[in-house]
2 protein chains.
Amino acid sequence: MQGRSKEQPHRPRRQRGGVRLADVAAAAQVSAPLASRVLNADPNVRATPETKARVLEAAEQLGYVPNIAAKTLRQQRTGLLGLVVHNLSSPIYLDLLQGARTEAAANNYFLVLGDVDELLTDDEAYRIFINGKRVDGLIVQGGHGEFDQRIAEIARALPTVIVNAPPKSTDTVAPLVAPDEVAATRMLTEHLLALGHARIGLISGPHDSPTNLLREQGVRDALAEAGHTLRDEDTAHLTWSAEAGRAGLRTLAGRWENTRDRPTALIGGNSLIGIGMLRAAAELDIAVPGDLSIAAVHDTWISEHLVPSLTTVSLPLREMGETAVRLLLTDTPRTQRTIISDPPPRLHARASTAIAREH
Amino acid sequence: MQGRSKEQPHRPRRQRGGVRLADVAAAAQVSAPLASRVLNADPNVRATPETKARVLEAAEQLGYVPNIAAKTLRQQRTGLLGLVVHNLSSPIYLDLLQGARTEAAANNYFLVLGDVDELLTDDEAYRIFINGKRVDGLIVQGGHGEFDQRIAEIARALPTVIVNAPPKSTDTVAPLVAPDEVAATRMLTEHLLALGHARIGLISGPHDSPTNLLREQGVRDALAEAGHTLRDEDTAHLTWSAEAGRAGLRTLAGRWENTRDRPTALIGGNSLIGIGMLRAAAELDIAVPGDLSIAAVHDTWISEHLVPSLTTVSLPLREMGETAVRLLLTDTPRTQRTIISDPPPRLHARASTAIAREH
DNA sequence: CTTGCCTGAACAATCGATTTATCATGACCA
DNA sequence: TGGTCATGATAAATCGATTGTTCAGGCAAG
């Protein structure tokens, strides 16, 4: 047992890199370029069926997987899309993420996560993510003030699609994918009107945010058609959080001096606000839906598990994510604005809304 | 205004690729390799301070960002980590994701999302993600039966860290990062015991799942120390969902024939189950915490907004994500098991638990 | 019998950064 | 003056796949 005492006498030559195209080509007794063309089903390739079969066979045999870095370098295409999220803890946009992820996967793309705050504060991260050619395109959420201002700059460096809310600036810097916000709140309002509510209020996000303007519009439209109006004293505009919903309802309720001069139903600008409103109602001993009906925009997994379960309208977030990816992969004119109207917003009537009681 | 009428008379030679290292080197009047070494702060580089300054200056001036594909090809390192998630809609693991994302970013890494179901069903996606050298390492959630069986295979192909729950198989295939599950439920139980509860039940996930075994152990330990036991008729083991929590409480309540022979407090195996339990209690007119105290594992953003707000114990999910990334970046022996005990689980006492009432 | 065309395939260049090996220059010492 | 050595920098090879160009051979037409 003396000879060959070395422990690693003949490890296969290529240990790290796995199987290369050259290995496949060698096994199939063809050149690397030909193997590449066969494996990529190049329509212009001219090879006998036997040759093709040999190449495919060899690739299968060796478990060949193309090296993505090499492919990327040559083709200037990473197979990655960036998704810049604002607040991942919010349940609202997970569906959007899921939709984007699924559609990306269907095209053999993967998603890389970026964070709004990080990109704003960490220059290094920004450079790597935006300028480093790390991704082929970017999906960003509009409507986040400070970040909106940099979207134009980003869109110049990289194909970009904005989802959800258009930046405030008037010039269109990138294609937009959005839900039919107006239809959504209109639907909620009409639901409440049908239940006999006449005085309906709104607790929503910042008054001048693009999203709020649209959602508020939907409420106003539906009310106007029914001959009613949205009164200033029945609205509160804070942020998009549960805490804001709670504070908003407390503020409104503070104005209610008697049981007659007050709204019988309130709409929450998003599901977090709706949750906060339910909470505030419980704290203030306002019976829902007995004294007050509550409905909100966005249907999330939790809506039906709340007590009482929350009436909502669901936006096609998943489809928005899918569409955003599709637009990204088909380079779209930056002026294009896609409103997802199929499927339309859908009403989920639950226990938090009921027929208006006569005061 | 006739001359120069062409709109794009002299676009710079390199339009697509941006600034290359060669451009920087040329501007600084040095060779590309030297520029590379200076920019990467190679300790072995020998260059005069003036030369270094010139290179750095030129890079800054031109806005040079290294081409990641080229770097990756040469270094066999992508700068990406894969995070394989099971159900992104669940709020529970978002903190883990956030922790991982933050720590990755701090090391100039980015996260790519994979989906358990997709990797199980889509062979192409699996090959690209796992075998394609698309990522340098992988964080996977253990405890998802079918997927667990492939973790060993994955771990052979790629540096891997398992978070949360160990696969059932006894051999350790990759380092593990987990919270102190036993301490968490022990803490909840002790909180209830301190409130005077003596008979405490448990509604949790599948009985033989690794996570449940540990959580149940914590309950049993604390009860035993106080001279009590966990009765079989006070437990239900279904899935980890809100629906299961609801069904679990309904099952248990169905056994309660009089007000004396029943538990005064129940622990939910996770926050979803806790939410379902609150819902079932409301439906069954069981006052919480009057008739029944309810507490659950996992503190999420919603816990404090529920009615009543839910007592929970929070696990250090964020830190787990951070640690998982760190382990991945420092190639760790696969036998290592890291229990995050700093910070320890933390109790959030809220309105759903109260002093036990004498029956 | 040669020219020309088509088929089947190989050759060579390219993507951009890194890294190993090599070369020039000047200082210093014998 | 010649030789050694440290210093400063360059040349060339490499990572692996793709793509434009070229080449050899076979067959048909002139």
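Just so we're on the same page: letters track the sequence lines, and every chain starts at 1. Side chains are part of it too, since the values below use all heavy atoms of this structure and drop only hydrogens, waters and symmetry mates.
- Protein atom CD of A:Q76 is 19 Å distant from nucleotide atom P of D:dG16, rounded to whole Å.
- Results of the side-chain contact (heavy atoms from CB on, under 4.5 Å) test with A:E322 over A:R101, A:Q98, A:E103 single out A:E103 as the only residue that passes.
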Using a 4.0 Å cut-off on protein heavy atoms (strictly under), produce a 5'-to-3' string for nucleotides 19-28 of chain D with B for base contact, S for backbone-only sugar-phosphate contact, and - for none. BB--------

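- Near DNA chain D, defined here as any heavy-atom distance below 4.0 Å, the residues from residues 49-66 of chain A are A:Y64, A:P66, listed numerically.
- Rounded to an integer number of Å, the gap from CG of B:L21 to P of C:dA17 is 5 Å.
- Partners of A:R54 under the salt bridge (charged side-chain N to carboxylate O under 4.0 Å, His left out) rule, at least two apart in sequence or in another chain, do not exist in this structure.
- Counting non-hydrogen atoms under 4.0 angstrom, A:V45 reaches nothing in the nucleic acid.
- For the ring-ring contact (aromatic ring centres under 6.0 Å, His included) test, residues two or more places apart in sequence or in another chain that qualify with B:F110 are A:F129.
- Distances were taken from every side-chain heavy atom of B:N67 (C-beta onward) to each of C:dA17, C:dA10, D:dG16; the shortest belongs to C:dA17.
- Here B:T332 pairs with nothing under the side chain to side chain donor-acceptor pair (under 3.5 Å) rule; sequence neighbours left out.
- When the side-chain nitrogen and oxygen atoms of B:K71 are compared with OP1 and OP2 of C:dG16, none of them lie within a distance under 4.0 Å.
- Per the geometry, CZ belonging to B:R77 stands 16 Å off C1' belonging to C:dT19, to the nearest Å.
- What separates CG of A:N44 from C1' of C:dC6 is a distance of 15 Å, to the nearest Å.
- In this entry the distance linking NZ of B:K133 with C1' of D:dG16 reads 12 Å, nearest Å.
- Counting any heavy atom pair closer than 4.0 Å across all strands shown, B:T48 reaches sugar-phosphate atoms only and no base atom.
- Among residues two or more places apart in sequence or in another chain, the side chain to side chain donor-acceptor pair (under 3.5 Å) test is passed with A:T48 by A:T51.
- Taking the side chain to side chain donor-acceptor pair (under 3.5 Å) definition, one finds that B:D115 meets it with nothing, sequence neighbours left out.
- Take B:R77 and apply the side chain to side chain donor-acceptor pair (under 3.5 Å) test, not counting sequence neighbours, and it matches B:Y109.
- Ranked by how close their nearest DNA chain C nucleotide is to the 5' end, A:L73 and A:A47 are led by A:A47.
- When each of A:V325, A:L96, A:V161 is tested with A:M320 by the rule side-chain contact (heavy atoms from CB on, under 4.5 Å), just one qualifies, namely A:L96.
- Residues forming a side-chain contact (heavy atoms from CB on, under 4.5 Å) with B:T102 (at least two apart in sequence, or on another chain): B:R318.
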